[in-house]
Each structure stands twice: as structure tokens, then as C-alpha cells.
Protein chains: 2
Amino acid sequence: MAKDGVREERAANRGRAADELFRTFSEMIARGELKEGDTLPPEREIVETYGVSRTVAREAVQALANRGLVEARPRFRPVVRRPSFESAIDSMGSVVSQLMGEPDGVRNLFETRILTEAGLAREAARHATPADISKLARALQANREAIHDSVQFYETDRRFHGLLFEMTGNPVLIATHRAFVEWLAPQWVQMQKLRDRNATNYEAHVEIFDAIQKGDPDAAEAALRRHLAEAWEQVRGTFK
Amino acid sequence: MAKDGVREERAANRGRAADELFRTFSEMIARGELKEGDTLPPEREIVETYGVSRTVAREAVQALANRGLVEARPRFRPVVRRPSFESAIDSMGSVVSQLMGEPDGVRNLFETRILTEAGLAREAARHATPADISKLARALQANREAIHDSVQFYETDRRFHGLLFEMTGNPVLIATHRAFVEWLAPQWVQMQKLRDRNATNYEAHVEIFDAIQKGDPDAAEAALRRHLAEAWEQVRGTFK
DNA sequence: GCTCCCAGTTTGGTCGTACCAAACCAGAGC
DNA sequence: GCTCTGGTTTGGTACGACCAAACTGGGAGC
């Protein structure tokens, strides 16, 4: 009863041949048969190799692209991208941007950022190496020099906060920072014009840095929370 | 007229008609024209309304489904799902599972969990309401009663930790917990058999609870870190 | 021999039609 | 009122065709 077997398999798969093809390719990528930078076969070749229609082949490739496992551009063979937490977070992008519509969405995300970064500040205060400290010092210096250039200040601000994430050497956290920045950026641009805030924010960074350098987790967390809470007030202010 | 609009737009974009359609629908969802639970039009109707081929219509719907904006099942009209952080994290699932292949992937993720949960433990110690405390107490009680049933213990364990996330009332964090559990679960099942560990883990939970109840953030964090670090050792042990 | 250009080929994107199977629906027959 | 039944709806799949842009190879011109 081969037919029944096929039908059963289909039923188990919710009846989608494309899903099976999708799984086939993702497993190939997982196993390393398809390495980063490799290209998928042309659609017409997939058709022939796997005995499916081009419809199915295309759907599978689209699914791979949607999940960030391959990068597909018109008229180019899809390129395999080894999945990173970055690409994972990328795939959330469009969904998250929808959530930003509601004020609570922004608030919740920001709150999460505060919690995460507060933890990182403590971590930094406890485990920062001299090399970490000097990196932070340099970022702080750059931040100070950019006080009168809001665009530049934004960059150096981002860099300073980003260092807290990078110091862990944990790609998940590094990707998380990128996500925070990317998702919250739209809320930020509106307040970039408040130049007088730059000096205040720089001072806050100094406080955080000092606490980390002294190895005082409580002070580091407190300073960071003050800093971000203040930033939140500014964001919320431009809302209402 | 709508037809001409669509065609013009496409000409400007030089391709990717499906992306246009995708944006059209996601904006409808964002604006609330399509509410949670509503159904998308049948594919053949989309074809007619927007003057595209069924290929394009299907691709757009598929993209919506991949992003978790709609839920599509064979032979049923796609149902609109208001994007939640949960669905966003869902869309990362397949990518993340690939990353778990590398030991570092698991470690990095677990490290992130420790950082997050340590922060939550502090938060709980400082801001837990009597209601929160009693919820924790009940979870702890259930945890104790399940010491001799590993499956049940796993459930109550999960619940106890989950409460730390839920206490914030922040859906981002709640979804994060679900993600941690889901992604790390495969590493967990292998160690469920170590029944003697249950008692140890329960004791750790008690420590955490006590610290929270006393309102001692440092103790709460320390207890939680000890607990998770120990769990990590167990996971790593089953690896090598 | 080298460069440059052009026609033919590859490849993804779109369209249209056709058919299937499961779910749905409405009316017949009891 | 109930069940059975056959037509309709709807998503899934298959072919086949055409387009536009990128790629390729080889010949024209220097």
C-alpha cells in the first residue's frame, strides 16, 4: 500500500510537499552539506532532482529565505547564510515593527532593555578586564567629543551601550543589542534634536563608567537605570 | 483604478509584486482593518481584487504566514493573528534550532538566560507584591510535591521560573521565557532521569524564594545563579 | 593579442490553466 | 429532524509559457 504510505506521510506533514523540501534543505544546511556562501541549485534543477513542480520548489526556497537560511535576490541563485542569532532576530523585524504601533509595545521593549542592560552593568562592574575598561574609556571619550554633533553623538552613544553587550563575548547578547537599537531607533530619531540633552546623557555615561571602573555593581546598575529611565521620559515626552 | 495603482507601484519597484501585496496586507493588519480572527480573502479573490496571478497571491500569503501574521492551514482561509512577541519568537524557532547544534550555541543561550533571570530575581526581591509572593509559594509547594515524579517536577520547575518572568507583567519577557524553555528543552530531557537531582533543585528554589521574600536582591541573584550554574553543569555533563 | 560589444543562454519572477482532495453547504430522501 | 449525497469552495500541486535582467562566449575592431 505505497499510496496509503504517501498519503499518511502527507497527512502527518499537513499535506505540504513544500514543507518537506524545506526540511530537506534546512537539514542539509544544518549538517554542513551546504556551507555558508554556497548556492542552492537553480529552481529548475530542484524540480528535476526532487520530482516536484516549480511551484513547490519556489515555495520551499521562499520559506528558506523567510527564515533567513538563504538570501534570495532576483536573478541570482539563493546564497546559503549560516543561521546566526542576528538573522534570527532579523526575521522578527517586521512583526516587531507592527507591535511598536501600540505605546505599550515600545514600553515593554524598553523595559526589557533596561532589565537586560542593568544586568550587564552589574556584570561589567564585577568582571570587566582592564582591556574592557580602556575600551569603555575610549568610547566615553568619543562620546564627549561628539556632544555638539547630535548625529555623531547618537553613534557614540550606541557604541558605548553596545560595549556592555560585547564585553560578554556572547553573540546572543550582541545580537540582542542590535535588535534593541534597530527596533527602538524610530522612537529615538525624534529626540535627536534636543542637543542640550547630549551633555546630560554624557554625564550619565560617565557615572556608569565610574561605577564599573570602581567595581561597584549596585552603583553601576543604579546609574544605568537612572540614565535609561530618563531617556524613556524623553521618548514618552515626544509622544504625547 | 486600484489595479492601475498597483501596477504603477510595481513598475517603480521593478519586481517583487508579492512584496507589495505582503506590505498591503500587513499594513491592513497593523491599522486594524483586519482584526485578530478575521480571515483573509480566498486566494482567487485576491487574484481578482489586486490584479495579480495566483502565484503572487499565494506567495504573499505564505510570507504573512511565515512571519506569523496569519495562520494558514490547508483548505482553510488564512486567519489573522495579531502579532505578538510570542509569534515573533516562533518565527525564530527553526533558525535557533539549527544553532543548537554547536555547543557554544547552547552555552550562549543559557548564559543569556542566566543574566536575564538573575535580573528578574533582583527585581522580584525588590518589588514583589504579597500576591506575587503567594503565587511563588504555591508554585514552590507544587514543586515539592512533585519531587518523585520527574515529568511533573519538570512542569512545576518551569512554572516556578516562569513566575519570575510573569511577575513583571511584561509580555516581551513572558515570551522570552517561553522561548528559553522551548529552545533549551531538548537539552533538558536527557537529564530528567536524574531523580536525585529533583530534591537538590527544589532546595535551590527554596533558597531563591526565601531571598525574594526577605527582599534581598543580592541573595536572590546569588541563589539563582548557583541554581542555574548547577543545572548547566548537569546539561554539559550529559553532553560529553 | 587585447578590449569591447552583442547575441544567445541562464535564472528568477509572473501569468494562466487545469486538476486534486478535503471541507463546506444545501437539498433530497428517509 | 436526521442522515446521506452530490455540487461548490478552497488551498495544494503540476505544466507550460513568457519576460527581464544577469551571465557567457565568441567574434569584430583596434
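Residues A:Asp157 and A:His161 bring a donor and an acceptor atom of their side chains to less than 3.5 Å of each other.
At whole-Å resolution of the value, CZ in A:Phe76 and P in C:dG12 are 11 Å apart. Computed from coordinates, the A:Arg58 CZ to D:dG12 P distance equals 16 Å when rounded to whole Å. D:dG12 atom P lies 13 Å from atom CZ of B:Arg77, rounded to whole Å. B:Arg54 places its CZ atom 14 Å from the P atom of C:dC19, with the value rounded to the nearest Å. A straight line from CD of B:Glu45 to P of D:dG11 spans 10 Å, rounded to a whole angstrom. Between the CZ atom of A:Arg75 and the C1' atom of D:dA21 there is a distance of 4 Å, rounded to whole Å. In this structure, CD of A:Glu59 is placed 10 Å from P of D:dA14, rounded to the nearest angstrom. Distance B:Arg73 CZ to C:dA22 C1': 12 Å, rounded to the nearest Å.
Of the candidate nucleotides D:dG12, C:dG12, C:dT14, C:dG12 has the atom lying nearest to any side-chain atom of A:Pro74. Nearest to the side-chain atoms of A:Glu43 among the listed nucleotides D:dA14, C:dG12, C:dA23 stands C:dG12. Among the nucleotides D:dT10, D:dA14, C:dC15, the one closest to the side chain of A:Val52 is D:dA14.
Salt-bridge annotation for A:Glu155 and A:Arg159: absent, with no side-chain N of the basic residue lying under 4.0 Å from a carboxylate O of the acidic one. A salt bridge does not link A:Arg54 with A:Glu59: every distance from a Lys NZ or Arg NE/NH1/NH2 to an Asp or Glu carboxylate oxygen is 4.0 Å or more. At a threshold of 4.0 Å, the pair A:Glu36-A:Arg81 does not count as salt-bridged, since none of the basic side-chain nitrogens sits closer than that to a carboxylate oxygen.
In this structure, A:Phe110 and A:Phe180 have side chains that are not in contact, with every pair of non-hydrogen atoms separated by 4.5 Å or more.
Comparing A:Gln62 and A:Thr55, the nucleotide of DNA chain C nearest to each residue sits closer to the 5' end for A:Gln62.
Regarding contacts with the backbone of C:dT10, every side-chain N or O of A:Arg44 stays at 4.0 angstrom or more from both OP1 and OP2. Contact annotation: A:Ser53 reaches the phosphate of D:dA14 (side-chain N/O to OP1 or OP2, under 4.0 Å).
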